[in-house]
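Here is the structure we will look at.
The chains referred to below are lettered A, B, ... by the order of the sequence lines, with proteins before strands, and numbering in each begins at 1.
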Protein chains: 2
Amino acid sequence: MGSGSRYGHTDAGARRLTSERRERMTEQAAHRALAHPEPGGIRLEDVLHALSDPVRLGIVRRLADAPDALACSAFDVPVTKSTSTHHFRVLRESGVVRQTYRGTAKLNALRRAELDALFPGLLDHVLAAADAEDTRRA
Amino acid sequence: MGSGSRYGHTDAGARRLTSERRERMTEQAAHRALAHPEPGGIRLEDVLHALSDPVRLGIVRRLADAPDALACSAFDVPVTKSTSTHHFRVLRESGVVRQTYRGTAKLNALRRAELDALFPGLLDHVLAAADAEDTRRA
DNA sequence: ATCGTACTACGAAGGTTCTCGAAGTACGAG
DNA sequence: CTCGTACTTCGAGAACCTTCGTAGTACGAT
């Protein structure tokens, strides 16, 4: 999980996610390993970026209310399967969720404890803010 | 400040900022009015998106430490003037900062009270998270 | 009136993101 | 083994973001 440069010509520009595109599914499934950032490699800006998309924020909110990990198919997202895959990957690579295979399903769990250790209260307040916005607009 | 569609073919896609590009500087300066979203029009996703850029987060952090409003030129951002203008506009249009003219300067102030009313504790926790990340990496 | 400082608008480049459809792989059930 | 379900990869398109340089406007001071 190196850091890829992004946007523009200067080194001071934003840096965000890297993808492990070169790892084919065959191999991924073989050793059942999905690349996750270590806690120390989780960056605030990536987390905020991940949460700034309505589809992904919806996924995270749903996940926060679930007692257990959920398969990708358990979410009612307004996009196709392939787009859904993309969003789950962004969430995983930013460190927001942890994904594990289980049979044909891929389980998703919020990395609550790790995020709380890094950024105390942040996730809860974002979730509360999302709820507050819902209430306000209702 | 309508909402423009963004990305892709479906209506379910993300929606974010609109720009008031058509207002020329002449007119802006004339009636000294910059478009700001009303408190009710501030959206969580826009705020998170605004804060997910390192340049903008830096601006917001500096602003949070300042007792008074600061001119754009008071910030030591690693980009050119025109790029800086862009970032300040994103911050303004997302509702994070309030901008007012004063002579040739444009003063920037965090919309703390309004943001706290909408999303209690969110801004403080993002700022704290940014500090925590700094500390951790030092 | 002229000058300098502060900020803006415009046009463009280059990369990223979100989206889709079609085809493919992995796994468990029958 | 074959089938169905779950998820992925690939290829593509459109919109968007960040960045820049150049040229321009606004305001205060000289």
Side-chain angles (χ1 to χ4, degrees), chain A residues 4-32 34 46 49-50 52-56 70-75 77-90 92-94 99-108, chain B residues 4-32 34 49-50 52-56 70-75 77-90 92-93 99-108:
Chain A
S5 76
R6 175 179 138 167
Y7 288 141
H9 324 151
T10 70
D11 284 330
R15 289 157 188 295
R16 288 224 247 263
L17 303 177
T18 310
S19 60
E20 77 286 358
R21 276 280 169 82
R22 287 299 126 227
E23 239 178 305
R24 312 285 300 261
M25 190 188 182
T26 309
E27 310 165 45
Q28 284 184 8
H31 42 57
R32 219 95 276 227
L34 288 160
D46 291 343
H49 173 68
S52 74
D53 179 277
V55 173
R56 291 192 296 259
L70 295 173
C72 294
S73 55
F75 297 82
V77 292
V79 293
T80 63
K81 279 285 179 69
S82 53
T83 302
S84 177
T85 296
H86 157 72
H87 285 303
F88 278 106
R89 183 172 55 211
V90 172
R92 171 169 50 82
E93 292 184 340
S94 67
Q99 295 188 303
T100 52
Y101 283 108
R102 179 165 158 181
T104 87
K106 195 171 178 184
L107 297 181
N108 298 272
Chain B
S5 77
R6 174 182 140 164
Y7 288 142
H9 324 152
T10 71
D11 285 330
R15 289 154 192 294
R16 288 226 246 261
L17 304 177
T18 311
S19 59
E20 77 287 357
R21 277 281 168 81
R22 287 296 128 229
E23 240 179 303
R24 314 287 299 264
M25 190 185 183
T26 309
E27 309 164 45
Q28 284 185 8
H31 43 56
R32 220 91 279 226
L34 288 161
H49 172 69
S52 73
D53 178 275
V55 173
R56 291 191 295 259
L70 294 173
C72 294
S73 55
F75 297 82
V77 292
V79 292
T80 62
K81 281 284 179 70
S82 53
T83 302
S84 177
T85 296
H86 159 72
H87 285 304
F88 277 107
R89 184 171 53 212
V90 173
R92 171 169 51 81
E93 291 183 340
Q99 297 187 303
T100 52
Y101 282 110
R102 178 164 157 185
T104 84
K106 194 172 178 182
L107 297 181
N108 297 272

(message) Between P on C:dA23 and NZ on A:Lys81, what's the gap in Å once rounded to a whole number?
(response) 17 Å
(request) Calculate, to the nearest 0.5 Å, the distance between atoms CZ and NE2 belonging to A:Arg56 and A:His49 respectively. (result) 5.0 Å
(request) Could you tell me whether the phosphate oxygens of D:dT19, OP1 or OP2, come under 4.0 Å of any side-chain nitrogen or oxygen in B:Thr80? (result) no
(message) Nearest to the side chain of A:His87, heavy atoms from C-beta on, is which of C:dT17, C:dC7, C:dT19?
(response) C:dT19
(request) Locate the shortest heavy-atom distance separating A:Ala71 from A:Leu107; write the atom from each residue and the value. (result) N-CD2, 3.8 Å
(message) Distance check needed: C:dT16 C1' versus A:Asp46 CG, whole Å only.
(response) 13 Å
(message) Checking contacts here: which listed nucleotide (D:dT19, D:dC10, D:dT22) is nearest the side-chain heavy atoms of A:Ser82?
(response) D:dC10
(message) Suppose we call a contact any N or O donor and acceptor under 3.5 Å apart; does that hold for the side chain of B:Thr104 and the base of D:dG28?
(response) no
(message) As a test of reading the structure: which of C:dC20, D:dT18, D:dC20 is closest to the side chain of B:Asp53, going by heavy atoms?
(response) D:dT18
(request) Kindly say if B:Arg89 contacts the phosphate of C:dA9, meaning a side-chain N or O under 4.0 Å from OP1 or OP2. (result) yes
(request) Just compare D:dA6, C:dC18, D:dC17 and give me whichever is closest to any side-chain atom of A:Ala105. (result) D:dA6
(request) State which residues pass side chain to side chain contact (heavy atoms under 4.5 Å, CB included) with B:Thr80; sequence neighbours excluded, sorted by chain then number. (result) B:Ser82, B:Thr83
(message) In whole Å, I'd like the distance from the NE2 atom of A:His49 to the C1' atom of D:dC16.
(response) 11 Å
(request) Using whole Å, report how far CZ of A:Phe75 lies from P of D:dC7. (result) 10 Å
(message) Side-chain N or O of B:Ser73 versus OP1/OP2 of C:dC7: is the shortest distance under 4.0 Å?
(response) yes
(request) In whole angstrom, give the distance that lies between atom NE2 of B:His86 and atom P of C:dG14. (result) 18 Å
(message) If you only use heavy atoms from C-beta on, which nucleotide in D:dT19, C:dC20, D:dC17 is closest to the side chain of A:Thr83?
(response) C:dC20
(message) From OH of B:Tyr101 over to P of C:dA6, roughly how many Å is that when rounded to an integer?
(response) 15 Å
(message) I need the CG-C1' distance between A:Leu34 and C:dA26, as an integer number of Å.
(response) 13 Å
(message) Between A:His87 and A:Val77, is there a side-chain heavy-atom distance shorter than 4.5 Å?
(response) no
(request) Determine: side-chain N/O of B:Arg56 to OP1/OP2 of D:dT18, distance under 4.0 Å, yes or no. (result) yes
(request) Provide the closest heavy-atom pair for B:Ser84 versus B:Val79 in the form atom of the first, atom of the second, distance. (result) N-CG2, 3.9 Å
